[in-house]
Amino acid sequence: MQTISLSLTGLACGGCVASVQNVLTALPGVTATVTLTPAEARVTFDPARVSQEAVCQAVVDAGFGVAAVSRQS
């Protein structure tokens with residue numbers, strides 16, 4: 001398992017947080033916690049099932065942005 005932190009853009013309310021959370025957890029092998037303040041997502045995923053790029057693309061496809069990605073230990 002790999003954990004990353006995504007700095008997000010475009011989050012304005014709790015509904016946005018829920019949307020991103022739902023999009024991320026719909027991906028295979030992904031668990032996520034999304035917060036509004038700060039606007040970020042902590043994502044744990046199985047790289048054998050989904051790529052970091054696919055995780056980021058899911059956020060973009062949902063209408064939000066990823067400003068930065070950092071790996072967590």
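Only heavy atoms go into these numbers, but all of them, side chains included; no hydrogens, no water, no symmetry mates.
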Residues in side chain to side chain donor-acceptor pair (under 3.5 Å) contact with T37, at least two apart in sequence or another chain: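 Expected list: none.
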I'd like to check [X] versus [Y] (side-chain heavy atoms, cut-off strictly below 4.5 Å). Are they in contact?
{"X": "F45", "Y": "I4", "value": "yes"}
{"X": "L24", "Y": "V59", "value": "yes"}
{"X": "V34", "Y": "L8", "value": "yes"}
{"X": "F64", "Y": "T9", "value": "no"}
{"X": "C56", "Y": "V69", "value": "yes"}

Pairing residues for T31 by the side chain to side chain contact (heavy atoms under 4.5 Å, CB included) criterion, not counting sequence neighbours: T44
By side chain to side chain contact (heavy atoms under 4.5 Å, CB included) - contacts of A54 (at least two apart): V50, S51
Minimum-distance pair of heavy atoms, taken over all atoms of V23 and A58: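 So the minimum-distance heavy-atom pair works out to CG1-O, 3.4 Å.
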Distance-minimising heavy-atom pair for C16 and G10: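 Minimum heavy-atom separation between C16 and G10: SG-O, 4.1 Å.
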Spacing of CZ belonging to R42 relative to CG belonging to L6, to within rounding of 0.5 Å: 11.0 Å
Rounded distance (nearest 0.5 Å) linking atom CZ of R49 with atom CE of M1: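 Between R49 CZ and M1 CE, I get 8.5 Å after rounding to 0.5 Å.
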Same cluster (ILVMFWY, side-chain, under 4.5 Å), L36 and V20: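 Yes; tracing contacts between hydrophobic side chains, which count when under 4.5 Å, links both residues.
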Under 3.5 Å: donor-acceptor pair, side chain of Q21, backbone of A32: yes
